[in-house]
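Bear in mind the structure is a predicted one, so any value in this text is a computation, not a measurement. First the proteins, then the strands, lettered A, B, ... as listed; each starts at 1.
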Protein chains: 2
Amino acid sequence: MEEMAPAAPRRAGSGKKAASWTQDPEGVRRNILAIARAEFVENGLSGARVDEIAAKTSTSKRMIYYYFGDKEGLYRAVLEEMYARIRNFERSLDLAALPPREAIATLAGFTFDYHADNPDFVRLVMVENIHHARHLENSAEIGELNLSAIDMIREVYERGLREGVFRAGLDPIDIHLTISALSFYNVSNRASILQVFGHDMGAPGARERRRASIIDTVLRMLAP
Amino acid sequence: MEEMAPAAPRRAGSGKKAASWTQDPEGVRRNILAIARAEFVENGLSGARVDEIAAKTSTSKRMIYYYFGDKEGLYRAVLEEMYARIRNFERSLDLAALPPREAIATLAGFTFDYHADNPDFVRLVMVENIHHARHLENSAEIGELNLSAIDMIREVYERGLREGVFRAGLDPIDIHLTISALSFYNVSNRASILQVFGHDMGAPGARERRRASIIDTVLRMLAP
DNA sequence: GACCAATTGAACTAGTTCGTACATTTAGCA
DNA sequence: TGCTAAATGTACGAACTAGTTCAATTGGTC
């Protein structure tokens with residue numbers, strides 16, 4: 001779903017000695033980030049190889065260290081870019097315009113789709129959790145999107161309460177966790193579920209059925 | 001929650017040259033497996049270091065290769081032991097003796113507790129999914145526990161249908177996925193949720209509330 | 001057009017990591 | 001008791017890996 005950021009036409013010829021190149025710092029940065037993301041997502045932080053990332057880049061290993069300091073710096077940059085992206089996704093939703101039940105159904109459906117369509121995001125969060133989220137910890141600007149997601153749910157939930165379509169006593173974060181867990185697991189554990197149960201949660205048919213089931217489950221959770 | 005399998009008293013003195021030792025193949029095996037599990041769970045497959053595992057063992061690196069062939073063989077052994085364990089857990093449940101709704105509530109509660117009490121299991125499954133479950137694939141004897149879990153749910157579900165306490169049209173595997181997802185996520189994503197939302201799903205109070213909420217959600221999913 | 005800071009390239013290195021070769025000890029059995 | 005196979009210890013090496021050194025090129029600015 002993402003372009004590879006081909007870093008502008010560089011070194012048109014081969015890698016000869018006296019070859020010349022045009023400067024394009026932003027392009028180089030984006031190119032490195034895109035490749036690095038793919039590698040970290042596929043092999044994890046310790047499994048990814050800097051030399052491998054460098055080789056797949058249209059630039060050299062030297063540039064990785066020049067722009068990102070070290071391997072962890074590069075990983076952190078990938079992580080931050082990924083979270084910035086999901087923040088955008090969340091901002092794109094306008095639940096306030098919908099009736100409570102439809103708002104929750106929309107949120108659940110969109111969340112499910114976002115996870116299913118962005119396995120990279122899911123896998124990176126898995127990797128980060130294996131590392132006890134200590135890179136997320138050192139990364140500023142993560143705390144911003146905190147309340148936005150929860151507050152959005154709280155607003156809809158309280159509106160639903162006033163209208164009598166939701167039951168009282170629920171915690172907005174509990175609603176968020178339920179939606180996230182059901183959406184996340186369908187991607188994160190796809191491989192092991194396939195091996196153990198022979199059921200492919202990612203197959204088109206199964207995915208759609210699961211999507212409907214999850215929306216239904218969340219609505220039932222909130223029903224009076 | 002697990003003993004360290006101290007591999008029988010070996011080399012009572014120090015590691016001197018002429019020291020003697022008593023043979024204990026099984027003890028050595030178990031000792032290596034226990035240490036290896038901790039390392040793989042903590043650092044993943046690529047992050048774990050064979051030398052580090054060997055150092056923490058009461059035996060030497062030579063033994064690891066003697067018994068398990070290579071790093072992947074050791075990892076596979078750890079994985080198989082872990083799955084054998086959960087199979088035992090599932091067999092310990094006797095849902096047939098309970099009324100349908102209580103049976104499901106019990107299953108959900110037990111599943112939640114098993115995950116919460118065995119983060120090692122959860123983390124190892126995460127690691128395995130990062131690797132696309134390809135080690136699970138090459139490991140025989142995994143397919144056995146397939147139907148047991150699903151069949152157990154199917155039996156209870158159909159009983160509930162006949163008694164009119166469950167609604168029709170559900171897939172047993174869908175029920176299983178819901179219970180697993182909600183239980184798994186609470187452990188697997190604890191670190192990132194704490195960082196992003198400042199909410200600790202593992203804290204005693206939060207854990208109990210979440211447990212009750214999940215059981216309730218599953219029952220509502222099945223209600224007519 | 002000359003000068004300096006920002007960029008980039010290629011080779012190199014110090015330390016790590018998996019795995020092995022070789023020697024030795026133990027346990028059980030003829 | 002002596003012999004053999006299983007089990008264990010020690011030391012080492014080849015390959016890999018993150019990060020660096022040194023030098024060169026570019027773009028903009030005076």
Length of the line joining B/Tyr66:OH and C/dG19:C1', which is rounded to integer Å:
17 Å
Nearest to the side chain of A/Lys61 - D/dA7, D/dT21, D/dT20?
D/dT20
Among B/Leu45, B/Ile53, B/Leu79, find the one that has a side chain to side chain contact (heavy atoms under 4.5 Å, CB included) with B/Leu74.
B/Ile53
Pairwise 5' ranking along DNA chain C for B/Asp51 and A/Arg62, keeping only the more 5' one:
A/Arg62
Nearest whole Å is fine: how far is D/dT20 P from A/Asp70 CG?
8 Å
Using the side chain to side chain donor-acceptor pair (under 3.5 Å) definition, which of the options A/His199, A/Arg210, A/Arg209 pairs with B/Asp174?
A/Arg210
Should the pair B/Tyr75 and B/His135 be assigned to parallel (<30°), tilted (30 to 60°) or perpendicular (>60°) ring geometry?
perpendicular
Can we say A/Arg207 and A/Asp113 salt-bridge, meaning some charged N sits less than 4.0 Å from an Asp/Glu carboxylate O?
yes
Side chain of A/Tyr67 (C-beta onward), nearest among C/dT7, C/dG19, D/dG9
C/dT7
Using whole Å, report how far CD of B/Glu72 lies from P of C/dC18.
12 Å
Keeping to residues at least two apart or across chains, list the side-chain hydrogen bond (donor to acceptor under 3.5 Å, both in side chains) pairs with something in residues 43-53 of chain A.
A/Asp51-A/Lys61
Just checking A/Phe68: base, sugar-phosphate only, or nothing, at a heavy-atom cut-off of under 4.0 Å?
nothing
Got a list of protein N/O to nucleotides 13-16 of chain C N/O distances below 3.5 Å?
none

Shortest side-chain distance from B/Met63, nucleotide among D/dT10, D/dA7, C/dG9
D/dA7
In whole angstroms, the gap separating P of C/dG19 from CD1 of B/Ile53 amounts to 11 Å
Interatomic spacing from CD in A/Glu137 to CG in B/Leu194 - rounded to 0.5 Å
8.5 Å
Taking only side-chain N and O atoms of B/Ser60, does any of them lie within less than 4.0 angstrom of OP1 or OP2 on D/dT10?
no
Distance (rounded to the nearest 0.5 Å) between A/Leu170 CG and B/Thr217 OG1:
8.0 Å
If I take atom CD1 from residue B/Ile179 and atom CZ from residue B/Phe110, how far apart are they, to the nearest 0.5 angstrom?
13.0 Å
Integer-rounded Å distance: D/dC16 P and A/Lys71 NZ
16 Å
What contact category does B/Ala48 fall into here, base, sugar-phosphate, or nothing, at under 4.0 angstrom with non-hydrogen atoms?
sugar-phosphate
Could you go through B/Glu80 and B/Arg76, starting from their C-alpha distance and side-chain angles, then the distance that decides it, and tell me whether this counts as salt bridge (Lys or Arg N to Asp or Glu O under 4.0 Å)?
CA-CA 6 Å; B/Glu80 279 168 8; B/Arg76 223 177 304 124; over 6 Å; no
Pairs counted as Watson-Crick or G-U wobble with both distances under 3.5 Å: what dot-bracket string results for DNA chain D, using | for bases tied to another strand?
||||||||||||||||||||||||||||||
Take atom CD1 of A/Ile64 and atom P of C/dG9, then tell me their distance rounded to the nearest Å.
12 Å
